[in-house]
Amino acid sequence: MADENYTDEQLRQLLKDAEQRLRASKNKKNNHDSSMLALQKSIPKVASGNAIPSYITKTENGAYVDSSLLVKPMERKLANGIRKVEDPVMIKAKAAKVKQATAGSKWYDLPRTNLTPELKRDLQLLRMRSVLDPKRHYKKEGSKAQIPEFSQVGTIIEGPTEFFTGRLSNKERKRTLVEEVMQGEKSSGRFKSKYNEIQAAKTSGKKAHYKKMRAQRRGERV
């Protein structure tokens, strides 16, 4: 290798560069040491006085394992007991059924219809309400009878000003709508007279009709 001749200016520049590199490496080392020291200070110290008890102890017969230190009593009880596993689909269906038990808050939580034999007869009578009073006219319903999904039966209570006009006595009060209609029939007899008119129209022109007419002409009791 050929010897290189440096001037004084070049030697001073080389020494200056070497000094800068040495200073930079020293500062880098100091920064690394300070960061490590800060990290060590941030790590919490473990209290040596609260040592974790060992679950294995030495005895004369050998090693003894304390099972109470392995699993908590409550967790062991849950593990050894019978666990009830429910189907999430069934849980969702049950919740939906409970939710549909009423018509909702917008309908004042109207309960689902409990179709009893008495209520069924009352609903049938309401569908035939046009025959109860021929002077009243109602809107015609569809041919297929539909039971309301949500309904409730209530009792009309008269006000204090209707004590003598709208009040019913205990004898006149009935449990169902059918019983009230039958009670009114006993006093009016309109259904019986209507039935006799229909029977008379059906038997008109037949042998029984002429027999009845002859008996009436003879003054016999029919």
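These numbers were taken from a predicted model, which means no experiment stands behind them.
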With sequence neighbours excluded, residues passing side chain to side chain contact (heavy atoms under 4.5 Å, CB included) with [X]:
X: Thr113; answer: Leu119, Ile147, Pro148, Ser151
X: Glu86; answer: Lys84, Ile91
X: Asp17; answer: Gln13, Gln20, Arg21
X: Pro111; answer: Gln152

Any chance you could pull the hydrophobic cluster mates of Leu110, using side-chain heavy atoms under 4.5 angstrom and chaining through other members?
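Via sub-4.5 Å side-chain contacts, Leu110 links to Phe150.
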Backbone N or O of Tyr108 within a donor-acceptor pair of the Ser105 side chain at under 3.5 Å?
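No: the side chain of Ser105 does not pair with the backbone of Tyr108.
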Can you sort out the partners of [X] under side-chain hydrogen bond (donor to acceptor under 3.5 Å, both in side chains), two or more places apart, ordered by chain and number?
X: Glu19; value: Arg23
X: Arg121; value: none
X: Gln124; value: none

Residues two or more places apart in sequence or in another chain: which of them pass salt bridge (charged side-chain N to carboxylate O under 4.0 Å, His left out) with Glu60?
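Partners of Glu60 under the salt bridge (charged side-chain N to carboxylate O under 4.0 Å, His left out) test: none.
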Checking Glu118 now: which residues fulfil salt bridge (charged side-chain N to carboxylate O under 4.0 Å, His left out) with it, not counting sequence neighbours?
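Not a single residue meets the salt bridge (charged side-chain N to carboxylate O under 4.0 Å, His left out) criterion with Glu118.
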Test Val153 against Asn114 for side chain to side chain contact (heavy atoms under 4.5 Å, CB included), laying out the working first.
CA-CA 10 Å; Val153 180; Asn114 183 18; over 6 Å; no
State the CG-NZ distance between Asp87 and Lys94, to the nearest 0.5 angstrom.
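Atom-to-atom, Asp87:CG and Lys94:NZ are 10.5 Å apart.
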